[in-house]
Amino acid sequence: MLEEEESAFDIQQLWTLFKTNWKWFPLSMVICVLIAGIYLWFTPSTVTVTGKMEIIDKSKKSSGGLSAGLAMLNSLPLGLGSSLGGAAGSLGIDAEKEIIMSNTLVGNVVKDLGLYTEYRLSKWGRKTLLYQNNPITVTLDPTHVRWLDEELPLTTHQFLLTISKDGNGYTVETRLMENKEKTDLPAQTFAQLPATIKTEAGTLTLTENKLTAKQAKAFEGDYTLKVSIVPPSNKAKAFIKKMAAEPPSKKVMNIISISLEDENLMRGVDFVNSLVAAYNQRANDEKNEEAMKTDEFVNKRLAKVDAELGSSDAAWENTKKNFQITTPEIDAEEALTKKSAYEAQLVAVGTELQLHDYLSEYVNDPANLYEIIPAGISSVASVSTSAEGGASAASSSASGSAGTASLLTQHNTLVNQRKELMKSVSEMSPQLQRVTQSIQELHPVIKTALKRDRQQIVMRQNALQREFSRYNGRIGSAPQMERVLTEIGRQREIKQGVYLVMLQKREEAAMELANTTDKGRLIDSVEGDPQSAKPQKKMVLLVALFLGALLPMGILYLLQMFKQKVDTRQELEAITRRPVLAEIPSTDSSEAIRNLRTRLLLNLKEGQKTILVASQYDADGKTFIAQHLTDSLTAIGKKALLINADLRSSNLQPPTSNLRSSSARLLPEGRKKPAADILGGEEFAKQVAQAKAANDFVVFDSPALGQYADAYQLATFADMTLFVVKAGHTKKSDIEALNADTKLPNVMYTINK
């Protein structure tokens with residue numbers, strides 16, 4: 001089996017195939033190159049455009065507060081804090097990639113650049129994509145552009161236009177497709193543009209595009225323009241399939257490499273640039289939404305505080321009128337000093353408490369669960385004092401506010417991420433569910449933190465109130481009006497403090513709205529990679545040449561492998577171990593017969609003189625070879641006798657004598673005995689014995705082995721068998737069967753014709 005496997009890759013056999021069929025190789029190479037040329041002509045070439053965008057994380061600016069918030073989260077029981085922090089941090093770069101590759105964002109780019117309309121110049125069967133150099137611009141009215149997307153996914157509407165320009169003007173053939181149904185509209189001819197075409201799916205407007213002199217030169221003669229208009233959403237999906245957005249390496253997680261494979265280099269560059277611009281616009285819109293929520297909240301509170309402040313001013317004015325005073329006198333300077341200090345702290349704490357209640361009211365409203373919580377409203381600096389207990393109270397307040405602020409920042413970050421994901425993924429998306437769950441789990445934590453902060457504020461307020469009451473009690477002789485005015489004044493100062501804080505927050509919100517810093521920034525110009533061009537012409541032509549050379553050889557080799565008949569000496573030697581003595585050509589076989597004689601004599605051992613010439617079928621040439629072999633032996637002085645034992649042949653003629661020195665024929669009397677009986681009879685055996693005794697060699701011509709058993713009868717008298725294989729006629733299976741046959745003695749082969 002190993003030798004048979006090795007013969008399957010015989011180099012000599014392949015070389016023979018090449019020499020005998022060489023004319024097919026140049027023809028195949030020419031055909032393959034022509035096919036490659038046709039493929040290159042009709043296949044649109046593409047190039048990969050790449051741009052690297054750095055994602056700027058603005059949350060790093062508040063890293064101190066974020067660290068405090070994370071520390072507070074980690075301190076929560078049952079591992080709740082770590083799970084919330086992990087849910088928010090795991091989004092990261094994956095969420096940004098989902099946004100960049102979202103249908104909404106890419107759809108905005110398609111609409112902004114008008115990429116849902118495609119122009120192709122048809123020439124010699126080739127359709128070349130045009131971008132910004134199309135001679136005619138076709139636009140669909142904006143209402144129906146939106147309608148194309150609204151009809152999806154149940155119905156897909158498309159416009160296919162063929163615009164032909166000639167000396168008579170412009171001929172427009174319009175086809176409207178609704179899913180797979182086609183409606184051909186009547187062709188229209190326009191002497192000049194602009195022109196409009198009204199259809200049931202919208203109004204098309206054709207205008208001449210403003211081209212440079214160099215661009216316009218290409219369209220001076222007649223041309224045919226193919227225009228297609230598809231739903232923007234479908235075009236966005238087509239672009240997404242050709243896009244990729246991945247970090248350049250695993251170590252760099254704040255840079256995304258955006259690549260697009262497109263037919264037109266300039267269109268690809270504009271697409272990536274517009275995609276980054278749309279990404280930044282979306283980020284700014286989301287940022288502005290938080291600032292607008294804060295501004296709305298502040299304006300509502302300002303109106304309420306303004307009304308309350310007006311009431312305090314009126315009470316102050318009425319009290320002074322009732323008591324007919326302008327300035328109360330101070331009885332005890334030291335007491336009043338202490339009292340004033342604690343009073344200032346009570347005002348600050350009161351302002352902080354009221355702001356805190358406003359924020360708690362907003363957070364406790366179920367409608368605001370997935371809304372942005374105004375940031376920084378509860379963060380009011382406590383008034384420091386040298387009085388006893390003031391420093392510790394301020395420190396406690398700052399710590400509580402920092403923890404709550406970090407929780408609010410965490411909540412707002414999750415809300416923003418949820419809104420981003422809702423625009424690009426379904427509600428059943430694992431990412432969206434995870435963010436929603438994180439918001440729901442974080443909300444009670446925020447409420448608990450707000451309650452705890454309020455308790456701390458109330459505790460500080462009570463402590464300050466006790467100290468204030470102690471010093472205030474020292475002013476026992478102060479008139480009642482002083483206490484009334486003091487209380488009213490305190491309320492006025494609280495309202496004024498709240499009012500000032502709200503004004504400050506409104507200005508901060510306005511500044512935030514005015515801040516349009518990009519979230520994504522291109523760190524490199526968008527360029528196309530020439531090495532990424534597809535298809536590569538040189539490579540395609542080289543492959544075509546290689547296939548052109550390989551294909552004929554492969555076909556010939558396969559035909560050779562599956563061929564059932566023997567054609568060459570190499571094929572015969574590949575399927576047998578027995579010697580192949582010679583090849584007998586169709587013409588001028590004298591030299592081949594002499595070669596056969598020489599090889600035969602070299603292979604016969606001493607005393608071997610009887611040769612059986614056999615073949616599988618009639619007309620294989622065994623009689624011809626038997627006769628010429630006998631003549632060749634006699635030509636070198638050997639006494640050789642040819643016995644024609646093919647008694648089945650209809651051309652058998654009676655000999656002049658039974659045995660001749662050159663040849664003999666055996667003929668049964670009156671054809672009454674079967675051939676097998678004659679060859680197996682004693683008379684024939686005696687004649688063979690006499691022939692062997694009287695001659696150096698005896699050659700038997702036998703009937704066809706595949707039809708009769710006579711050859712096996714003759715094999716009992718033979719010393720060796722010369723099996724004739726006729727090229728293109730004898731089957732390989734016959735040779736393989738003969739290899740396993742042990743009835744024929746010392747089989748050797750010769751190939752005829």
Side-chain angles (χ1 to χ4, degrees), residues 56-62 65-66 69-70 72-73 84-85 87-89 91-92 95-96 99 104 279-304 355-380 401-425 427 431-450 453 501-502 504-517 519:
I56 302 172
D57 189 2
K58 298 180 182 179
S59 62
K60 292 182 179 180
K61 297 179 180 179
S62 56
L66 182 60
L70 291 176
M72 185 173 182
L73 282 174
L84 292 176
L91 296 175
E96 302 302 330
I99 294 171
T104 303
Y279 174 79
N280 289 327
Q281 182 62 42
R282 179 171 181 167
N284 284 326
D285 290 343
E286 292 171 352
K287 174 184 67 66
N288 291 341
E289 182 181 0
E290 179 179 349
M292 291 173 66
K293 283 286 184 181
T294 302
D295 186 67
E296 181 182 355
F297 172 83
V298 168
N299 287 331
K300 289 181 180 179
R301 295 306 171 184
L302 277 175
K304 184 176 181 180
L355 289 173
H356 187 279
D357 290 340
Y358 288 160
L359 187 61
S360 297
E361 179 184 351
Y362 182 88
V363 172
N364 291 329
D365 188 355
N368 299 326
L369 176 60
Y370 301 112
E371 297 295 333
I372 298 296
I373 298 177
I377 293 299
S378 63
S379 300
V380 179
S401 297
T404 305
S406 64
L407 290 175
L408 296 181
T409 301
Q410 182 75 11
H411 172 85
N412 290 344
T413 300
L414 291 173
V415 168
N416 282 331
Q417 293 174 354
R418 183 177 183 271
K419 290 182 177 181
E420 291 176 355
L421 292 174
M422 287 182 67
K423 296 176 182 178
S424 57
V425 299
E427 294 184 358
Q431 283 186 324
L432 182 59
Q433 292 181 356
R434 186 174 59 193
V435 173
T436 302
Q437 182 181 359
S438 299
I439 294 174
Q440 294 173 353
E441 293 175 349
L442 185 60
H443 194 257
V445 177
I446 294 175
K447 293 169 66 175
T448 302
L450 290 174
D453 288 349
V501 170
M502 289 298 175
Q504 180 183 357
K505 293 301 176 184
R506 185 168 67 178
E507 292 300 320
E508 291 176 356
M511 294 176 63
E512 188 69 20
L513 286 171
N515 183 13
T516 57
T517 305
K519 184 178 180 181

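This is a predicted model, so every value here is computed, not measured.
If you take CD1 on Ile446 and CD on Gln410, they are separated by 8.5 Å, rounding to the nearest 0.5 Å. Residue Glu441 holds its CD atom at 10.0 Å from CG of Leu414, rounded to the nearest 0.5 Å. Here the OG-CG distance, from Ser360 to Asp365, works out to 12.5 Å after rounding to the nearest 0.5 Å. Between Thr448 atom OG1 and His443 atom NE2 the span is 10.5 Å, to the nearest 0.5 Å. With values rounded to the nearest 0.5 angstrom, Ile439 atom CD1 is found 12.5 Å from Arg434 atom CZ. The distance from atom CZ of Arg418 to atom OG of Ser438, rounded to the nearest 0.5 Å, is 11.5 Å.
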Legend entry - Derivation and outcome, side chain to side chain contact (heavy atoms under 4.5 Å, CB included), residues Leu442 and Leu407: CA-CA 8 Å; Leu442 185 60; Leu407 290 175; 3.9 Å; yes
Legend entry - Residues Gln437, Gln433; criterion side chain to side chain donor-acceptor pair (under 3.5 Å); working and verdict: CA-CA 6 Å; Gln437 182 181 359; Gln433 292 181 356; over 6 Å; no
Inset, instruction - Please report the C-alpha distance between Ile99 and Leu421 in whole Å, then the side-chain angles of each, then the deciding distance to 0.1 Å, and finally whether the side chain to side chain contact (heavy atoms under 4.5 Å, CB included) criterion is met. - result: CA-CA 7 Å; Ile99 294 171; Leu421 292 174; 5.8 Å; no
Inset, instruction - Under the side chain to side chain contact (heavy atoms under 4.5 Å, CB included) rule, what do His411 and Ile372 come out as? Steps first, then yes or no, please. - result: CA-CA 8 Å; His411 172 85; Ile372 298 296; over 6 Å; no
Inset, instruction - With side chain to side chain contact (heavy atoms under 4.5 Å, CB included) as the test, would you mind laying out the steps for Leu450 and Asn364 before giving the verdict? - result: CA-CA 10 Å; Leu450 290 174; Asn364 291 329; 5.9 Å; no
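Contact check for Lys519 versus Glu96: side-chain heavy atoms found under the 4.5 Å cut-off. At a threshold of 4.5 Å between non-hydrogen side-chain atoms, the residues Tyr370 and Gln440 count as touching.
With 3.5 Å as the limit, one finds no donor-acceptor pair spanning the side chains of Tyr362 and Glu371.
Asn412 contributes a side-chain N or O that, together with a main-chain N or O of Ile373, makes up a donor-acceptor pair within less than 3.5 Å.
With salt bridges taken as basic N to acidic carboxylate O contacts below 4.0 Å, none links Arg282 and Glu420.
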